[in-house]
Amino acid sequence: IVFQVYSYRQAQLLGAVIEGTNYSSIWITPNFVYPNQVTNITINFGQLNLPQGTYRIIVTALVDGLLVTFPVYAIFLP
């Protein structure tokens with residue numbers, strides 16, 4: 001999936017999971033988000049075997065030494 005994120009702080013993106021499934025990210029690029037700019041993020045989950053629908057993706061980041069999570073919503077069209 002590809003999405004944009006904006007952060008007021010520098011953050012390291014550590015991983016992501018598709019909620020309600022066993023899918024977790026293989027890689028995220030870039031894996032750093034820098035302050036006060038929009039960043040295009042790509043997350044690769046490998047080959048997905050999911051029905052068409054809207055999925056909630058939970059991204060985990062390290063911000064100022066703290067683990068934080070945030071949701072991204074994606075529409076999957078097989």
Side-chain angles (χ1 to χ4, degrees):
I1 70 160
V2 177
F3 63 95
Q4 292 184 325
V5 66
Y6 180 91
S7 179
Y8 292 102
R9 297 216 167 309
Q10 181 172 318
Q12 181 181 6
L13 304 180
L14 301 176
V17 296
I18 302 175
E19 195 171 69
T21 75
N22 291 323
Y23 291 104
S24 59
S25 56
I26 296 171
W27 51 260
I28 300 176
T29 189
N31 64 340
F32 277 93
V33 174
Y34 295 97
N36 302 314
Q37 65 184 37
V38 175
T39 305
N40 293 317
I41 305 294
T42 302
I43 301 178
N44 184 328
F45 289 99
Q47 186 172 351
L48 297 175
N49 184 19
L50 295 171
Q52 180 174 325
T54 301
Y55 291 88
R56 181 177 162 150
I57 298 162
I58 305 299
V59 181
T60 301
L62 185 63
V63 183
D64 294 334
L66 300 173
L67 286 177
V68 298
T69 60
F70 61 91
V72 174
Y73 293 87
I75 297 172
F76 182 67
L77 302 171

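What's counted below: heavy atoms across the whole structure, side chains too, no hydrogens, waters or symmetry copies.
- Here I75 contributes atom CD1 and I1 contributes atom CD1; the two are 11.5 Å apart, rounded to the nearest 0.5 Å.
- When every heavy atom of P71 is checked against every heavy atom of R56, the shortest pair comes out as CB-NE, 3.8 Å.
- Connection of L14 to I43 is not established within any shared hydrophobic cluster, with ILVMFWY side chains joined at heavy-atom distances below 4.5 Å, either directly or through further cluster members.
- Grouping the Ile, Leu, Val, Met, Phe, Trp and Tyr side chains by contacts below 4.5 angstrom, directly or via other members, places L13 apart from L62.
- The hydrophobic clustering, which links ILVMFWY residues whose side-chain heavy atoms are closer than 4.5 Å, places Y55 and V17 apart.
- Criterion: ILVMFWY side-chain heavy atoms under 4.5 Å apart, direct or through other members. Under it, I41 and F76 are part of a common hydrophobic cluster.
- Heavy atoms from other residues, nucleotides or ligands lying under 6.0 Å from CG of N49 number 12 at most.
- Shown here for A11 and V63, the closest heavy-atom pair between the two residues is CB-CG2, 3.6 Å.
- Rounding to the nearest 0.5 Å places CD of Q37 at 10.0 Å from CD of Q10.
- Across all non-hydrogen atoms, the minimal contact from P35 to R9 is CG-C, 4.0 Å.
- No path of Ile, Leu, Val, Met, Phe, Trp and Tyr side chains, each step under 4.5 Å between heavy atoms, connects I58 with V5, placing them in separate hydrophobic clusters.
- When all heavy atoms of P30 and T39 are compared, the closest pair comes out as CG-CG2, 3.8 Å.
- Within the structure, the ring-ring contact (aromatic ring centres under 6.0 Å, His included) test picks out the following pairs touching residues 5-46 (sequence neighbours left out): Y6-Y8.
- Between I18 and L48 there is a side-chain heavy-atom pair separated by less than 4.5 Å.
- Counting heavy atoms from C-beta outward, N44 and S25 have side chains that stay 4.5 Å or more apart.
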